[in-house]
Amino acid sequence: MTSPEIDRPTPETPRQRVCIVGISGKLGQYLATHALDRGYEVVGVCRPKSVSKLEHFGDRITVLPGETSDRSVIEQAVAGCTAVLTVLAPWGVRDYSSRTAQAVLDYAPGDARLIFSCGWHVRASAHDFYSRRFLATVAVASWLAKAVRAVDVADQIRAAERIFASASRWTLVRGSDLEEGPSEGLPVWSSAVGSPILESNLTRRTDFALFMVEAITNDALIGQAPAIVGCRSESALAQQSASVPH
């Protein structure tokens with residue numbers, strides 16, 4: 001006599017946990033939205049005074065208030081995470097970006113995907129090419145910002161140097177100028193600044209975040225510093241057209 005099968009509930013697969021360092025800013029909030037859309041559990045770090053900016057997420061995210069460069073806060077936030085998405089904000093003149101990057105590198109799980117954001121001004125290799133105008137603009141903007149002790153653009157470069165030297169599973173996403181607007185789709189990228197495909201120098205901020213979240217599962221981007229541009233920008237469309245046989 002055969003015993004009837006007993007229906008047993010199928011155990012749920014635990015949701016993968018993603019930490020967003022700098023979650024309260026515009027880019028950070030887009031990161032949270034894209035991560036939630038993909039079913040990730042989201043924990044974020046932001047300054048205490050910025051927590052109120054995240055109220056619209058309700059109980060869908062967990063927020064740890066604190067400076068993103070606070071090592072004890074980062075250690076708690078990244079525990080058990082599949083990936084850590086870090087907005088390298090160069091605020092002030094106290095090595096904010098480089099200290100944040102170092103804390104993430106030191107405390108994230110060894111097998112976690114570490115995705116960082118920065119600007120095109122961060123040089124990743126000798127293949128990067130910058131026009132005189134671009135270099136002059138960055139130099140002037142950096143000097144003015146540092147003179148009023150608001151932003152230290154060079155600190156993103158110091159942060160990048162620590163990331164490049166790391167043995168972690170990192171990706172450093174280098175962004176163009178950003179604009180608001182609905183998503184146009186996943187940005188296109190080049191390994192070198194100066195590539196013709198990047199000439200338009202414009203990406204939707206939500207798509208910058210989309211690229212970072214997509215990088216979590218794209219192992220081809222491990223150890224890479226992709227420079228991105230909007231997939232609907234003139235230069236991206238021109239390159240796509242040129243690659244199509246006529």
Side-chain angles (χ1 to χ4, degrees), residues 15-71 73-79 81-92 96-105 107-108 112-119 122 150-153 155-156 159-160 163 170-183 186-187 203-217 226 228 230:
R15 296 167 66 197
Q16 294 185 345
R17 190 181 195 198
V18 169
C19 178
I20 301 173
V21 180
I23 194 174
S24 63
K26 291 181 179 179
L27 180 59
Q29 293 189 51
Y30 282 127
L31 287 169
T33 298
H34 289 310
L36 288 170
D37 286 346
R38 282 155 180 73
Y40 291 113
E41 176 188 350
V42 174
V43 58
V45 177
C46 71
R47 291 176 293 180
K49 66 180 183 180
S50 298
V51 172
S52 61
K53 297 179 181 179
L54 303 168
E55 290 178 348
H56 61 284
F57 285 109
D59 61 0
R60 293 187 296 154
I61 65 174
T62 300
V63 181
L64 298 181
E67 298 291 325
T68 65
S69 58
D70 186 323
R71 292 175 64 82
V73 173
I74 294 298
E75 182 178 16
Q76 180 182 355
V78 302
C81 286
T82 297
V84 183
L85 308 174
T86 304
V87 180
L88 289 177
W91 305 127
Y96 200 76
S97 286
S98 52
R99 290 191 294 119
T100 296
Q102 191 62 61
V104 171
L105 293 170
Y107 291 119
R113 284 289 281 118
L114 307 184
I115 320 295
F116 300 88
S117 72
C118 69
V122 172
V151 172
D152 182 4
V153 175
D155 189 37
Q156 280 193 342
I163 294 166
W170 60 266
T171 298
L172 181 64
V173 183
R174 299 183 290 168
S176 63
D177 290 345
L178 301 177
E179 66 173 356
E180 293 299 329
S183 174
L186 194 66
T203 309
R204 296 282 169 91
R205 186 173 275 104
T206 184
D207 293 334
F208 189 131
L210 178 64
F211 191 95
M212 292 180 68
V213 172
E214 289 285 338
I216 295 173
T217 55
I228 66 172

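Basis for what follows: all heavy atoms, side chains included, without hydrogens, waters or symmetry-related copies.
The closest side-chain heavy-atom distance from Thr171 to Phe116 is not below 4.5 Å. Side chains of Ile115 and Phe211 form no contact here, defined as non-hydrogen atoms less than 4.5 Å apart. Residues Arg99 and Arg71 form no side-chain contact, since every pair of their non-hydrogen atoms from C-beta on lies 4.5 Å or further apart. For the pair Val51/Ser24, no side-chain contact is recorded, criterion being any heavy-atom separation below 4.5 Å from C-beta on. Contact check for Val21 versus Thr100: side-chain heavy atoms found under the 4.5 Å cut-off.
In this view, Arg204 and Glu179, Glu184 satisfy the salt bridge (Lys or Arg N to Asp or Glu O under 4.0 Å) rule, not counting sequence neighbours. Applying the side-chain hydrogen bond (donor to acceptor under 3.5 Å, both in side chains) criterion to Ser117, with sequence neighbours excluded, gives no partner residue. Qualifying salt bridge (Lys or Arg N to Asp or Glu O under 4.0 Å) partners for Arg174, counting only residues two or more places apart in sequence or in other chains: Asp128. Shown here are the side-chain hydrogen bond (donor to acceptor under 3.5 Å, both in side chains) partners of Thr217, two or more places apart in sequence or in another chain: there are none. Under the rule for a side chain to side chain contact (heavy atoms under 4.5 Å, CB included), the partners of Ala77 that lie at least two apart in sequence or sit in another chain are Cys19, Val45, Leu64. Residues satisfying the salt bridge (Lys or Arg N to Asp or Glu O under 4.0 Å) test with Glu180, not counting sequence neighbours, are Arg205. For the side chain to side chain contact (heavy atoms under 4.5 Å, CB included) test, residues two or more places apart in sequence or in another chain that qualify with Ala159 are Leu88, Ser97, Ser98, Ala101. Here Glu214 pairs with Arg38 under the side-chain hydrogen bond (donor to acceptor under 3.5 Å, both in side chains) rule; sequence neighbours left out. Residues satisfying the side chain to side chain contact (heavy atoms under 4.5 Å, CB included) test with Glu41, not counting sequence neighbours, are Arg15, Arg17. Applying the side chain to side chain contact (heavy atoms under 4.5 Å, CB included) rule to Ser176 yields the partners Trp120, Asn201, Thr203; only residues at least two apart in sequence or on another chain are considered.
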Q: Starting from the C-alpha separation in whole Å, work towards a yes-or-no answer on side chain to side chain contact (heavy atoms under 4.5 Å, CB included) for Leu114 and Thr86.
A: CA-CA 8 Å; Leu114 307 184; Thr86 304; over 6 Å; no
Q) Between Leu36 and Phe57, is a side chain to side chain contact (heavy atoms under 4.5 Å, CB included) present by the stated rule, with each step listed? A) CA-CA 10 Å; Leu36 288 170; Phe57 285 109; 3.9 Å; yes
Q: Determine, stepwise, if the pair Val173 / Ile228 fulfils side chain to side chain contact (heavy atoms under 4.5 Å, CB included).
A: CA-CA 7 Å; Val173 183; Ile228 66 172; 4.0 Å; yes
Q. Between Gln76 and Tyr107, is a side chain to side chain donor-acceptor pair (under 3.5 Å) present by the stated rule, with each step listed?
A. CA-CA 9 Å; Gln76 180 182 355; Tyr107 291 119; over 6 Å; no
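The shortest heavy-atom contact between Tyr30 and Ala209 is CB-CB, 3.5 Å. Of all the heavy atoms in Gly66 and Val73, the pair that sits closest is CA-CG2, 4.3 Å. Across Ala32 and Ile23, no two heavy atoms sit closer than the pair CB-CD1, 4.0 Å. Closest heavy-atom contact between Ala35 and Val42: CB-CG2, 3.8 Å. Closest approach of Arg113 to Ile216, counting heavy atoms only: CG-O, 3.4 Å. Here the closest heavy-atom approach between residue Leu172 and residue Trp170 is recorded as N-CE3, 3.7 Å.
Pairs engaging residues 48-65 under the side chain to side chain donor-acceptor pair (under 3.5 Å) rule: Gln29-His56 [sequence neighbours left out]. Every pair tested for salt bridge (Lys or Arg N to Asp or Glu O under 4.0 Å) that includes a residue from residues 24-35 fails, sequence neighbours excluded, so the list is empty.
Using modelled atom types, one side-chain atom of His34 and one backbone atom of Thr206 make a donor-acceptor pair closer than 3.5 Å. A donor-acceptor pair under 3.5 Å is formed between the side chain of Asp155 and the backbone N or O of Tyr96.
To the nearest 0.5 Å, the span separating CD on Gln156 from CD1 on Ile163 amounts to 9.5 Å. Atom CD1 of Ile20 is separated from atom OG1 of Thr68 by 13.5 Å, given to the nearest 0.5 angstrom.
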